[in-house]
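Written below as structure tokens is the structure these notes are about.
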Amino acid sequence: MNTKLVVVQLNLSLYDVPMSEIKKIKFHKGEDTRSFFDLVSLVDIQNLNPTDHNQFENHRLTFFALFFIIEGNGKHSINFQDRSYTRGTVFAIGPDSIHKFYKSDASGYLLVFTEDFILQYLNAENANRIFQLFNEQLISPKLQLTETQIARFLDYIDSIKLEFQSIQDGFSSELIRSLLHVIITHLLRIKSSTNQILKHSKYLDQFLEFQKLVKANASTNKSVSFYADCLNVTPRTLNNITHAIVSKSAKTVINDIIILKIKRLLISTQLSASQIAYQCGFAEPSHLFKFFKKYANQSPKNFRRLFR
């Protein structure tokens, strides 16, 4: 794959547990299509023996990935949760997700691409709709296709493969983007058939803006009233919005985002408890410990040992 690793070494650890930092995967910067998109088979991923990382250990993405299973069974880890797969399973994995492969005899394809690859082709409104597929708070990252749907998507992937690996002329990048857009739009349509929120909701845009605000400000503001003020609504209305979209209170959505951030810091860095507490807006490490214990049902130390 056309990727490189960026590893930031820190001489710190939580509870003095010696660990190496998780690998962070980035695309190479360049001017051609291959700098923003890649297609690789699961068989090739399974057979890789890279010297700079291990595909069977947790690593953090900075790009989007669509993982199609064509044959066989197995499991894949996304954000610390193992998910089983079989023929026709599709995983939509977004930036900042931590994932890992498990050894398997299954076959399939991984389509990976950057945000820039989409934004070069679509306006902001259409791009935001595309990115909903990778919003794990909004919808599950896993989708199961029917046999008819599998055949359709295989045709799309074969067309992308032909442009990406064989033709490579001045039209290939536009055709690949168009085909990728078609794939994601079809996946959204399938999701929408069982998810009324994606089909239509007057609250969806407000929820997405709330989610964006929390991710940007949760380290300094954790109150529902703060975000309600930012959105020019009452706390009660904000709760109505979150209940309508994800069947959770606004406070629970805030806590979910904070918990995921703590998990990523525990796994992807060697920061101490005090540093993680500071980055996440806790006055004392003990406050972070109590919060994590309550909402993750285990201590930060145990979580780090389990997933590192």
Side-chain angles (χ1 to χ4, degrees), residues 8 10 12-24 56-62 75-84 91-102 134-142 207-208 210-224 226-227 238-239 242-243 245-308:
V8 181
L10 299 171
L12 300 165
S13 61
L14 184 67
Y15 305 112
D16 296 324
V17 179
M19 297 173 182
S20 59
E21 184 171 336
I22 196 170
K23 305 299 185 288
K24 185 176 181 180
F56 304 113
E57 295 179 354
N58 280 312
H59 50 283
R60 182 178 179 184
L61 299 184
T62 58
K75 62 180 180 178
H76 192 76
S77 175
I78 305 173
N79 287 326
F80 322 111
Q81 182 177 346
D82 286 346
R83 299 177 185 270
S84 62
F91 294 118
I93 310 170
D96 282 333
S97 294
I98 292 176
H99 82 136
K100 68 177 178 180
F101 296 90
Y102 287 97
F134 302 88
N135 190 326
E136 194 171 340
Q137 271 198 317
L138 195 61
I139 53 179
S140 170
K142 179 179 177 180
F207 175 82
L208 294 174
F210 168 56
Q211 194 182 48
K212 181 179 177 181
L213 286 167
V214 175
K215 290 179 179 179
N217 298 282
S219 61
T220 54
N221 292 284
K222 296 179 173 61
S223 69
V224 174
F226 170 82
Y227 296 104
L238 182 52
N239 274 303
T242 58
H243 275 291
I245 301 299
V246 293
S247 300
K248 294 180 179 180
S249 69
K251 185 61 176 175
T252 299
V253 173
I254 294 170
N255 289 342
D256 286 346
I257 291 173
I258 296 170
I259 282 292
L260 184 56
K261 180 178 181 179
I262 295 171
K263 287 180 177 179
R264 287 171 174 167
L265 288 171
L266 286 168
I267 299 302
S268 64
T269 75
Q270 296 185 53
L271 294 174
S272 67
S274 297
Q275 289 172 311
I276 292 177
Y278 175 76
Q279 283 200 21
C280 296
F282 294 92
E284 299 290 340
S286 61
H287 297 171
L288 180 145
F289 178 88
K290 292 177 182 178
F291 178 84
F292 194 87
K293 183 78 171 178
K294 179 178 180 179
Y295 294 106
N297 297 315
Q298 58 185 311
S299 70
K301 180 180 179 180
N302 287 340
F303 178 84
R304 178 173 257 179
R305 282 179 170 169
L306 180 62
F307 288 97
R308 288 291 292 266

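Among pairs with a residue in residues 286-297, those fulfilling side-chain hydrogen bond (donor to acceptor under 3.5 Å, both in side chains) read Asn255-Tyr295, at least two apart in sequence or across chains. Among pairs with a residue in residues 212-222, none fulfils side-chain hydrogen bond (donor to acceptor under 3.5 Å, both in side chains), at least two apart in sequence or across chains.
Looking at heavy atoms from C-beta onward, Gln298 lies in side-chain contact with Leu306 at the 4.5 angstrom threshold. Side-chain contact check for Lys301 versus Leu266: every heavy-atom pair is 4.5 Å or farther apart. Between Phe282 and Ile276, every side-chain heavy-atom pair lies at or beyond the 4.5 Å cut-off. With contacts defined as side-chain heavy-atom distances shorter than 4.5 Å, the pair Ser249/His243 qualifies.
Distance check: His76 NE2 to Gln81 CD gives 12.0 Å after rounding to the nearest 0.5 Å. In this structure, the separation between CG on Leu208 and CG on Leu138 is 6.0 Å, given to the nearest 0.5 Å. Atom CG of Leu271 sits about 9.5 Å away from atom SG of Cys280, to the nearest 0.5 Å. To the nearest 0.5 Å, atom CZ of residue Arg304 and atom CG of residue Leu265 are 9.0 Å apart. Note that CD1 of Ile258 and CZ of Phe291 are 4.5 Å apart. Values are rounded to the nearest 0.5 Å.
Taking all atoms of both residues into account, the shortest heavy-atom contact from Ser299 to Phe289 is CB-CE1, 3.5 Å. Taking each heavy atom of Ile78 and His99 in turn, the nearest pair found is CA-CB, 4.3 Å. Closest non-hydrogen pair, Asn79 versus Asp96, comes out as OD1-O, 4.4 Å. Scanning both residues, Ala277 and Pro285, for their nearest heavy atoms gives CB-CA, 4.0 Å. Here the closest heavy-atom approach between residue Asn58 and residue Ser77 is recorded as OD1-OG, 4.3 Å. Here the closest non-hydrogen pair linking Leu288 and Pro300 is CD2-CG, 3.9 Å.
Evaluation of the ring pair (Phe, Tyr, Trp, His ring centres under 6.0 Å) rule for Phe207 yields no partner, not counting sequence neighbours. For Ser140, there are no side-chain hydrogen bond (donor to acceptor under 3.5 Å, both in side chains) partners two or more places apart in sequence or in a different chain. A search for salt bridge (Lys or Arg N to Asp or Glu O under 4.0 Å) contacts involving Glu136 returns Arg83, not counting sequence neighbours. Legend: residues meeting ring pair (Phe, Tyr, Trp, His ring centres under 6.0 Å) with Phe80, ordered by chain and number and at least two apart, are Phe303, Phe307.
The main-chain N or O of Ala250 is found under 3.5 Å from a side-chain atom of Asn239 such that the two form a donor-acceptor pair.
Aromatic ring orientation, His59 versus Phe101: parallel (interplanar angle below 30°, classes split at 30° and 60°).
Annotation: Phe134, atom CZ; neighbour count of heavy atoms from other residues, nucleotides and ligands within 6.0 Å is above 12. Around NZ of Lys100, the count of heavy atoms belonging to other residues, nucleotides or ligands within 6.0 Å exceeds 12.
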**Request:** Could you walk me through whether Gln137 and Leu260 pass the side chain to side chain contact (heavy atoms under 4.5 Å, CB included) test, one step at a time?
**Result:** CA-CA 11 Å; Gln137 271 198 317; Leu260 184 56; over 6 Å; no
**Request:** Show the numbers, then the answer: is there a side chain to side chain contact (heavy atoms under 4.5 Å, CB included) between Leu213 and Phe226?
**Result:** CA-CA 10 Å; Leu213 286 167; Phe226 170 82; over 6 Å; no
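Looking at Lys261, Gln211, Lys251, Lys248 one by one, the single match for side-chain hydrogen bond (donor to acceptor under 3.5 Å, both in side chains) with Asp256 turns out to be Lys248.
Under a cutoff of 6.0 Å and an axis angle of 45°, Lys142 and Phe91 do not form a cation-pi pair.
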